[in-house]
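A note on names: the letters A, B, ... follow the listed sequences, proteins ahead of strands, and every chain is numbered from 1. Here the structure is a predicted model, which is why all the values come from computation and not from measurement. As a basis for the values below, the full set of heavy atoms in this structure was taken, side chains included, without hydrogen atoms, waters or symmetry mates.
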Amino acid sequence: MKQIKFLIAGILFGIVLTRSEAISWYRIQEMFRFQGFQMYGIFFTAIPTGILSLWLIRKFRIRTLQGEQVRVDPIRFNWGIPLGGFIFGLGWALTGACPGPLFAQIGTGFTVVVVTLLSALAGTWVCSALHSRLPR
Amino acid sequence: MTSLLSILNRPWPWYVAGPLIGLAVPGLLIAGNKRLGVSSALRDICAACVPMQVSLLHYDWKKNVWNILFVAGILVGGFLAGWVFPNPGPVAISGHTVADLHRLGVPLQKGMLPVSLFSWKGLLSLKGLILMIGGGFLVGFGTRYAGGCTSGHGIMGLSSLQWPSLVAVSTFFAGGIFCTFLILPWILKL
């Protein structure tokens, strides 16, 4: 039951993604064609909000609800980041969805996106299986 | 009543949605040192359901149940905002995009995706197969390979000023732009 807050956080996140149309195939096309500001506006306000929040957390030494120190592990570069990133970009333009929006798209009534999601799970599985053989 | 409904139905501008999305970063950290990142949930679902002989999928996924709950919540959020209180009109994209998509044979329809492409019937066409099965596979494979997606690298990674995430986001866009101009038109002609 202690985990219920993450379900609620997810619901709020899903509502914002949907109401702002960030889960829309049309909006993603508009973004990749540089014809609208909605998606860029979202990124350009979400990231500074995140930066400012992390700065405030450090400055005021805000702790987690469990009283632990807030920890953000560094991301180490490997060649999978640009290679995988490009592959994901191709899929993003086709499906109009990154992983989060896939779930929201299903919720809005596009039940067929379950197939897209299952295929994404297959992709994740295959990538995990090939892990040691992929260049990094 | 109609005005209340129109408030609930209305799309939100970027300056409302962006800061709210950004608040997911401190929200999840304070709730329990959790990093925003949806593609990790895809791996957790794989580990929970079909680990098979893949060593990378043998880990204690139960520690990440929070992330599976989070994505289940996203689905419920999509249901509330897109099915219970849907925007009655089509997505208000730029006229240039409408014209470009029209030229490619994709009409602007009500809803978040073009029903003409994304439907169970569409799944029986070559176009639909490539868009949904092919596209979905690339999303799942690419995000795992890159170790994150738009939320993990794009929002969480950039918010914590990690340069590898900037590399990630740049290549997301490189792939997306390449596909939009050079691959998608070809697929839509099938």
(message) Minimum heavy-atom separation for Gln162(B) and Asp73(A), please, with both atom names.
(response) NE2-O, 3.3 Å

(message) Rounded at 0.5 Å granularity, tell me how far CD1 in Ile68(B) sits from CD in Gln3(A).
(response) 10.0 Å

(message) Is it the case that the side chains of Gln35(A) and Thr97(B) hold a donor-acceptor pair, with the cut-off being a distance below 3.5 Å and no angle test?
(response) yes

(request) Would you please classify the geometry between the Phe13(A) ring and the Phe70(B) ring as parallel, tilted or perpendicular, with 30° and 60° separating the classes? (result) tilted

(message) Could you check whether Arg33(A) makes a cation-pi contact with Phe181(B), meaning its NZ or CZ is under 6.0 Å from the centre of the six-membered ring and within 45° of the ring axis?
(response) yes

(request) State, to 0.1 Å, how close Pro99(A) and Thr143(B) come at their nearest heavy-atom pair, and which atoms those are. (result) CG-CG2, 3.9 Å

(request) Determine the option with the most heavy-atom pairs under 4.5 angstrom with chain B, choosing from Pro48(A), Pro74(A), Gly96(A), Ala22(A). (result) Pro74(A)

(message) For Ser165(B) versus Ile75(A), what's the shortest heavy-atom pair and its separation?
(response) OG-CD1, 3.2 Å

(request) For residues Leu134(A) and Phe141(B), determine if any side-chain heavy atom of one lies less than 4.5 Å from a side-chain heavy atom of the other. (result) yes

(message) To check you understand the geometry: which heavy-atom pair defines the closest contact between Gln29(A) and Leu184(B), and what is its length?
(response) NE2-CD2, 3.2 Å

(message) With rounding to the nearest 0.5 angstrom, report the CG to CG distance, Leu94(A) to Leu188(B).
(response) 9.0 Å

(request) Locate the shortest heavy-atom distance separating Thr18(A) from Met112(B); write the atom from each residue and the value. (result) O-CE, 3.4 Å

(request) Using a cut-off of under 4.5 Å on heavy-atom pairs, state which of Gly50(A), Ala97(A), Ala120(A) scores highest against chain B. (result) Ala120(A)

(request) Indicate whether any N or O donor in one side chain lies under 3.5 Å from an N or O acceptor in the other, for Thr111(A) and Trp120(B). (result) yes

(message) Please rank Leu118(A), Ile23(A), Val113(A) by heavy-atom pairs under 4.5 Å with chain B and give me the top one.
(response) Ile23(A)

(message) Quick check on the interface: out of Leu90(A), Ile106(A), Leu65(A), who has the most heavy-atom pairs with chain B under 4.5 Å?
(response) Leu90(A)

(request) Locate the shortest heavy-atom distance separating Ala168(B) from Ile81(A); write the atom from each residue and the value. (result) CB-CG2, 3.6 Å

(request) Evaluate ring-ring contact (aromatic ring centres under 6.0 Å, His included) for Phe173(B) paired with Trp92(A), printing each intermediate quantity in order. (result) CA-CA 9 Å; Phe173(B) 274 85; Trp92(A) 193 6; 5.8 Å; yes

(message) Over 60° means perpendicular and under 30° means parallel, so tell me whether Trp14(B) and Phe37(A) are parallel, tilted or perpendicular.
(response) perpendicular

(request) Kindly say whether His131(A) contributes a backbone atom to a donor-acceptor pair with the side chain of Tyr145(B) at under 3.5 angstrom? (result) no

